[in-house]
Amino acid sequence: MGLSYVVTGGGRGIGRALVSRLLSDPETAAVVAVELDPAALDWVTDRRVGIVTGNAAEESVAERAADTAATAGTLAGWVNNAALFRDASVDSAPTAEILELIATNLTPAVVGCAVAVRRFLAAGTPGAIVNVSSHQARQVVPGCTPYATAKAAVEGLTRALAVEYGPRGIRVNAVAPGTVVTERYEQALDRLGPAAAERLDHEMRLLHPMGRLGRADEVAAAIAYLLSPDASFINGATMPVDGGRTVLTREPDPA
């Protein structure tokens, strides 16, 4: 029996790239993609991709994903990638809204980690969890308080679980991408119009010392590495996959 994985937010962007990356490994028996929007998985044709539709923040959805993965192979890895970015500031948004937005990005990671840990322990097999954080967990821009707070908490969760469950064969790590060209990024540019889109894209490139934005497959490669036996002594780490953005620490143009 081969290995199986669960990827939340597996339909688009980094999640989709990761599903494809994991399927390229001959030892992979199945990858279960969890998606809130069924249309996001219209591209799936490989029978090794299990589809679970629902909110990754709901434990019943996560349990269903774990069951699907377990029937196809030995559950070896779980990736908490599902997220939603929405600006909000404490001076203009109700506190309840701020807390709700924090929960939107933190709860799926907590639920995914909890279900994965329980499954690894019950099976008596080692496992790896990777949480997708963001450069904004450490390098914040105005307006992103809920998202930055949630991602900082995700990194804290990563360290806590690594310490608690490392002795039991479970590794927990995170990746922190910079700005990555995804469908969401391209849609944001389209909404601006040509001139404004060109300016924004130029500004975003200046934030990264490599002079370009990241690709989803580059982040997927880092995640796949952390899931693999090659990373067997990496635990509790947050790996920047940001082209040096957090090293440069250049402030974005407020305009």
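Clustering of Ile, Leu, Val, Met, Phe, Trp and Tyr side chains at separations under 4.5 Å places Phe85 together with Tyr147.
Atom CD of Glu27 has 12 or fewer neighbouring heavy atoms from other residues, nucleotides or ligands inside a 6.0 Å radius. Annotation for Glu186: atom CD counts as buried by contact number, over 12 foreign heavy atoms lying within 6.0 Å. Within a 6.0 Å radius of CZ in Arg212, more than 12 heavy atoms belonging to other residues, nucleotides or ligands are found. Under a cut-off of 6.0 angstrom, the local environment of CZ in Arg168 is sparse, with at most 12 non-hydrogen atoms contributed by other residues, nucleotides or ligands. Within 6.0 Å of the CZ atom in Arg64, the count of heavy atoms belonging to other residues, nucleotides or ligands exceeds 12.
Exactly one residue among Leu227, Leu161, Ile234, Asn131 makes a side-chain contact (heavy atoms from CB on, under 4.5 Å) with Asn173. That residue is Ile234. Tested against Leu22 for a side-chain contact (heavy atoms from CB on, under 4.5 Å), the candidates Ile223, Val7, Val79 yield a single pass: Val7.
Interatomic distance, CG of Leu106 versus CG of Leu99, reported as 11.0 Å (0.5 Å rounding). Rounding to the nearest 0.5 Å gives a distance of 11.0 Å between CZ of Arg21 and CD of Glu218. Here CG of Asp242 is found 11.5 Å from CD of Gln136. Values are rounded to the nearest 0.5 Å. Going from atom OG of Ser92 over to atom CD of Glu97 covers 8.0 Å, rounded to the nearest 0.5 Å. Rounded to the nearest 0.5 angstrom, Leu75 CG and Leu3 CG are separated by 9.5 Å. Met204 CE to Thr179 OG1: the interatomic distance, rounded to the nearest 0.5 Å, is 3.0 Å.
Side-chain atoms of Asp87 never come within 3.5 Å of backbone atoms of Cys144 as a donor-acceptor pair (strictly under, hydrogens ignored). Panel note: side chain Asn105, backbone Leu84; a donor-acceptor pair is recorded below 3.5 Å. A donor-acceptor pair under 3.5 Å is formed between the side chain of Lys151 and the backbone N or O of Val132. Distance alone, capped at 3.5 Å, is enough to place a donor-acceptor pair between the Thr8 side chain and the Ala82 backbone. A donor-acceptor contact shorter than 3.5 Å links the side chain of Arg171 to the backbone of Leu226.
At a threshold of 4.5 Å between non-hydrogen side-chain atoms, the residues Ser4 and Val32 do not count as touching. Contact annotation: the side chain of Leu213 approaches that of Tyr185 to within less than 4.5 Å [non-hydrogen atoms, C-beta and beyond].
Taking a cutoff of 4.0 Å between a charged side-chain nitrogen and a carboxylate oxygen, Glu35 and Arg16 do not qualify as a salt bridge.
At a cut-off of 3.5 Å, with distance as the only test, no side-chain donor of Arg12 or Thr182 sits close to an acceptor on the other residue.
Applying the salt bridge (charged side-chain N to carboxylate O under 4.0 Å, His left out) rule to Arg118 yields the partners Glu59; only residues at least two apart in sequence or on another chain are considered.
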